Amino acid sequence: MHDVLIVGAGPAGVNAARVLRKAGVRNIAVLERTREVGGLPRYCGHTGFGMMDFGRVWRGPRYARALAASVADVPVLTDTTVTAIEPGGVVHVATERGLETWRARTVLLATGTRETPRGPRLVSGTRPWGVTTTGAFQEMVMKGLRPFERPVIVGTELVAFSALMTARHGGVRPVAMIEENARITAQRPADVLARLVYGTAVHLETRLVSILGGEKVEGVEIEHAGVRRVLPCDGVVFTGRFVPDAILARLSGITLDNGTHGPLVDSTFRTLDPRVFAAGNVLRAVEHSGMAAREGQRAARMMLRALSGRLPDVRKAVPVERGEGVASVLPQRLYPAPKGNVTLHARVAQARKGMLRLVDERGRVLAERRVHALPERRLELPLPASLLEGVAALRVEVV
Amino acid sequence: MTGTTAEGRIYDVAIIGAGVVGCAVFRACVLAGAQTVLLEKGGDLLEGASKANSAILHTGFDATPDTLEAACVQQGYALYREICESMNLSVLKTGAMVVAWTDEDLARFPAIVDKASRNGVPVRVLDAQQARQREPALSEDVRGAVLVEGEDLIDPWTAPMAYAHQAIANGGMLMRKARVEGGARQGDVWRLDVAGKPAVSARVVINCAGNYGDLVEAIARPSPFTITPRKGQFVVFDKTAYELFRTIILPVPTALTKGVVVTRTVFGNVLVGPTAEPQDAREFPTVDHDHLTKLREAAFRIIPALIEHDVTTTYAGLRPATQFSDYQIEALDGLGWITVGGIRSTGLTGALGIAEHVVGLYRAHFADPTPLADVVVPHMPNLVEDLPRPWMQEGRGPIACHCERVTEREIETALTDAVLPVGTLGGLRRRTRCMMGRCQGFYCTRRVMELAQTHLPGLVSPIGEGRHDA
């Protein structure tokens with residue numbers, strides 16, 4: 001019987017392990033299905049990793065090595081896949097030794113996030129080689145492999161500009177970036193940088209109509225202002241539209257939230273299975289690795305309390321619903337408390353200016369602030385937990 | 001009999017086209033004792049029509065009675081069941097229901113039942129309640145169903161690969177990237193011109209060229225049929241949907257709409273399709289957003305709970321439709337030629353039956369060799385989700401593709417297989433399932449490329465300079 005099993009050795013899982021180990025929890029293991037520790041940052045060549053957990057700023061691979069070194073004293077089992085978690089802390093594991101059943105007092109899901117590939121986007125065209133996601137592209141470049149030389153980059157979330165940087169490092173020169181909306185999704189100077197530094201044009205209000213080519217990509221058809229034209233290229237990189245990689249939770253019957261598509265959690269990072277916690281980008285897509293790291297640490301502290309029976313009674317949680325204009329809210333259940341603060345995170349699907357509000361079942365506004373909300377950006381609403389005393393239900397809205 | 005052929009060698013039989021039909025005919029010819037070569041223009045087996053189908057093992061309940069198609073499908077169905085176990089091919093027992101949604105649909109039930117009985121296939125009519133009892137996930141709008149217990153699912157790629165594998169293991173010769181561009185009959189021998197390769201000589205040519213059937217037929221004679229490829233688009237749902245239902249849900253064919261099939265796959269997904277769109281192009285079929293969206297919505301109307309499940313991927317296939325409804329199979333006596341044309345979507349089931357029929361024609365018209373004794377029977381790797389897979393075994397080594405749980409060893413084995421190594425990335429995907437899962441290669445593309453790059457050149461190139469690591 002393990003006290004803690006952590007699923008996933010990315011920033012959230014490793015940081016949780018560090019905290020638990022430091023607190024003296026001994027019977028703990030991190031289960032990682034790949035051969036390496038570090039998660040997605042392993043293949044992010046750009047800098048900006050490590051500030052939240054190591055107080056340093058590194059490139060992704062260096063950060064991944066720091067994560068690995070930081071849990072040298074914790075059993076990290078790579079090549080180990082968790083296939084299902086049953087109620088009661090029964091964990092099914094596929095290892096080199098075959099299929100095994102383990103037991104744990106608590107489990108942390110830290111399975112991260114991935115991009116949406118072509119399939120679910122229902123994109124038209126042929127199905128040639130050379131259509132990929134940023135993640136796969138970056139991983140190939142990091143390992144010295146180049147699948148194309150002149151791709152089109154679809155999307156303008158931050159990761160699209162990361163793809164652009166990777167391309168440059170790999171000697172790949174993107175033909176263009178295309179974006180359906182009137183402005184880029186990432187912070188604005190990024191498009192200027194793309195043009196000036198990388199010589200890549202950003203086509204706004206431009207739609208990918210179809211992918212062309214036989215064995216390999218030969219071009220894309222794009223549409224702008226009702227006019228269609230063919231852009232010759234030899235690859236297509238679908239960027240962003242991150243989704244929580246919550247398939248383990250789903251297949252295990254752990255309730256997911258309709259807004260985040262990650263596990264439904266309360267403010268102690270507990271899912272509706274009281275032994276199972278979740279942290280990092282499996283909760284929602286997508287935040288930077290520093291946020292995932294911090295959530296891993298915070299979830300670990302909650303798990304410590306769970307191990308000694310000091311977490312609030314789940315029956316006291318107040319559910320938070322998505323109201324007008326709100327695409328997702330996290331966490332989805334809050335606990336009233338005489339002191340301390342909680343912070344709600346919300347996201348919108350469409351740009352929206354107005355008041356971000358937390359309203360109770362009687363329509364009382366418990367907290368609010370003025371926001372200019374953009375898609376893929378986090379809105380924070382901090383509030384004192386004491387405000388939740390006596391409240392039965394909550395709703396977050398942007399009005 | 002592997003390696004390149006010496007010029008001057010004369011085969012008994014040259015088969016053109018390594019789709020499911022070509023592979024089955026290949027096997028049947030080799031086992032019948034004919035020295036056989038299979039010529040395939042693509043880089044691997046199953047690169048044409050056989051790449052994309054709905055993977056149903058048909059009983060033939062709805063075939064037009066007394067047609068060659070009906071006979072081949074029935075025989076193919078029986079033969080598949082006979083040989084599958086020995087080659088480790090499986091059958092996923094599902095049954096099928098032809099489901100009625102309207103009065104008009106219901107009115108067609110007697111004809112469906114009558115046809116099934118003329119084809120000798122037992123069926124049973126279910127009322128709406130019974131239909132939903134069998135499949136509670138079906139929409140409440142269901143009006144009734146014709147249940148065909150014998151319809152099942154198979155792995156549509158491993159089966160034909162097993163046929164080809166067995167043919168090669170027993171002395172057959174496979175030539176890939178061997179596009180037949182023309183040919184001439186000199187005396188009793190066909191000399192086939194192969195693009196970029198020495199000509200191939202054979203006494204009898206069997207045209208199994210699928211979507212190119214009429215063009216290949218023109219080598220022997222003006223083709224009596226014209227291929228108008230019919231495109232079928234499909235949407236594949238995530239494995240999370242697999243448990244929703246078991247039975248294949250077939251539409252009632254009407255004059256107006258063909259409707260779509262909603263079915264599980266042996267790989268653990270749910271499939272909806274196909275569309276039926278005539279077109280001119282014979283390869284690289286396109287999917288399109290509007291049709292895919294409509295397919296997905298059609299699936300939601302049939303199994304409403306599918307709305308909770310993600311789409312994993314989409315694809316399109318081309319079926320070699322002709323102006324005739326039946327298969328076009330005949331032996332051209334003086335020409336040393338057997339035509340196997342217009343094999344539509346039933347070809348996956350019909351293949352083994354077609355192959356028996358073709359060998360019969362070969363014996364009746366051209367030669368009567370002694371069947372092979374001591375036949376080698378290959379043991380195919382299992383890709384069926386419900387059965388044990390290598391990732392579950394002790395000492396499995398690393399997993400490369402986590403969505404489909406494909407081990408690195410499975411990939412390496414497919415790439416280096418002594419009898420039939422993988423020839424294309426598509427072939428590798430069909431052979432192992434790598435990159436076929438819900439992430440569509442987000443996690444595994446790099447590792448697959450590392451493993452495949454020396455075997456399948458041209459996918460990736462090395463980056464000389466500018467590699468960065470902190």
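Note that the structure is a prediction, hence the values are computed from the model and not measured. Throughout, protein chains are lettered first and strands after them, A, B, ... in sequence-line order, and every chain is numbered starting at 1.
- Note: B/H291 NE2 to A/S124 OG = 10.5 Å, rounded to the nearest 0.5 Å.
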Worksheet entry | Trace of the side chain to side chain contact (heavy atoms under 4.5 Å, CB included) decision for A/M140 with B/T445 | CA-CA 8 Å; A/M140 281 188 273; B/T445 303; 3.6 Å; yes

Item to complete: Could you please spell out the steps behind the side chain to side chain contact (heavy atoms under 4.5 Å, CB included) verdict for B/E308 and A/R250?
Response: CA-CA 11 Å; B/E308 304 286 330; A/R250 181 162 186 173; 4.1 Å; yes

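- Heavy-atom pairs under 4.5 Å with chain A were tallied for B/R296, B/Q453, B/R396; the largest tally goes to B/R396.
- At a 4.5 Å heavy-atom cutoff, the contact between B/T293 and chain A is made by backbone and side-chain atoms alike.
- Between B/H402 and A/T81, some side-chain heavy-atom pair lies under the 4.5 Å cut-off.
- Atom CZ of B/R389 sits in a crowded spot, with more than 12 heavy atoms from other residues, nucleotides or ligands closer than 6.0 Å.
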Practice prompt. Please test B/I463 against A/L145 for side chain to side chain contact (heavy atoms under 4.5 Å, CB included), starting from the C-alpha separation and ending with a verdict.
Written response: CA-CA 6 Å; B/I463 298 167; A/L145 300 173; 5.8 Å; no

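- In this structure, A/V123 and B/H289 have side chains that are not in contact, with every pair of non-hydrogen atoms separated by 4.5 Å or more.
- Between the A/K216 side chain and the B/G458 main chain, a donor and an acceptor come within less than 3.5 Å of each other.
- Residue contact with chain B, scored on non-hydrogen atoms closer than 4.5 Å, involves the side chain of A/R35 exclusively.
- Inter-residue side-chain proximity for A/W129 and B/L456 is flagged as unmet; no heavy-atom pair is nearer than 4.5 Å.
- Looking at B/D238 and A/I247, their side chains come closer than 4.5 Å, going by heavy atoms from C-beta outward.
- Atom CD in A/E139 sits 10.0 Å away from atom CZ in B/R447 (nearest 0.5 Å).
- In terms of heavy-atom pairs under 4.5 Å with chain A, the best-connected choice from B/G441, B/C403, B/G43, B/C439 is B/C439.
- Ranked by heavy-atom pairs under 4.5 Å with chain B, the list A/L99, A/T132, A/D245 is led by A/L99.
- Taking 4.5 Å as the limit, every side-chain heavy atom of A/E96 sits out of range of all side-chain heavy atoms of B/E394.
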Discussion item. Let's go through A/D79 and B/I399 carefully: what are the C-alpha distance in whole Å and the side-chain angles of both, what is the deciding distance for side chain to side chain contact (heavy atoms under 4.5 Å, CB included) to 0.1 Å, and is it a yes or a no?
Written reply: CA-CA 7 Å; A/D79 274 329; B/I399 291 173; 5.8 Å; no

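- Residue contact with chain B, scored on non-hydrogen atoms closer than 4.5 Å, involves the backbone and the side chain of A/E215 alike.
- Of all heavy-atom pairs between A/R146 and B/P462, the closest is NH2-O, 3.8 Å.
- Side-chain atoms of A/T83 and B/R405, non-hydrogen and from C-beta on, do get closer than 4.5 Å to each other.
- Taking the side chain as every heavy atom from C-beta outward, B/Y443 and A/R33 approach each other to under 4.5 Å.
- In this structure, chain B has heavy atoms under 4.5 Å from both the backbone and the side chain of A/T126.
- Minimum interatomic distance between B/V460 and A/P147 (heavy atoms only, all atoms of both residues): CG1-CA, 4.0 Å.
- For chain A, the nearby parts of B/Y315 are the backbone and the side chain; heavy atoms of each come within less than 4.5 Å.
- Only the backbone of A/R121 comes within less than 4.5 Å of a heavy atom in chain B; its side chain stays farther off.
- If you take OH on A/Y43 and CZ on B/R446, they are separated by 4.0 Å, rounding to the nearest 0.5 Å.
- In this structure a side-chain-to-backbone donor-acceptor pair under 3.5 Å is present from A/R127 to B/T314.
- Proximity to chain A is limited to the backbone of B/P285, based on heavy atoms less than 4.5 angstrom apart.
- For a residue to count as touching a neighbouring chain, one of its non-hydrogen atoms must lie under 4.5 Å from one of that chain's; by this rule A/L40 touches chain B with the side chain only.
- Heavy atoms closer than 4.5 Å to chain B are found in both the backbone and the side chain of A/T34.
- Ranking B/D290, B/D310, B/T312, B/L425 against chain A, the residue ahead of the rest is B/T312, based on heavy-atom pairs under 4.5 Å.
- In this structure, A/R118 contributes its side chain and B/Q440 its backbone to no donor-acceptor pair below 3.5 Å.
- With hydrogens and angles disregarded, no donor-acceptor distance shorter than 3.5 Å links the side chain of A/E115 to the backbone of B/F442.
- Taken to the nearest 0.5 Å, the CE atom of B/M392 stands 13.0 Å off from the OG1 atom of A/T95.
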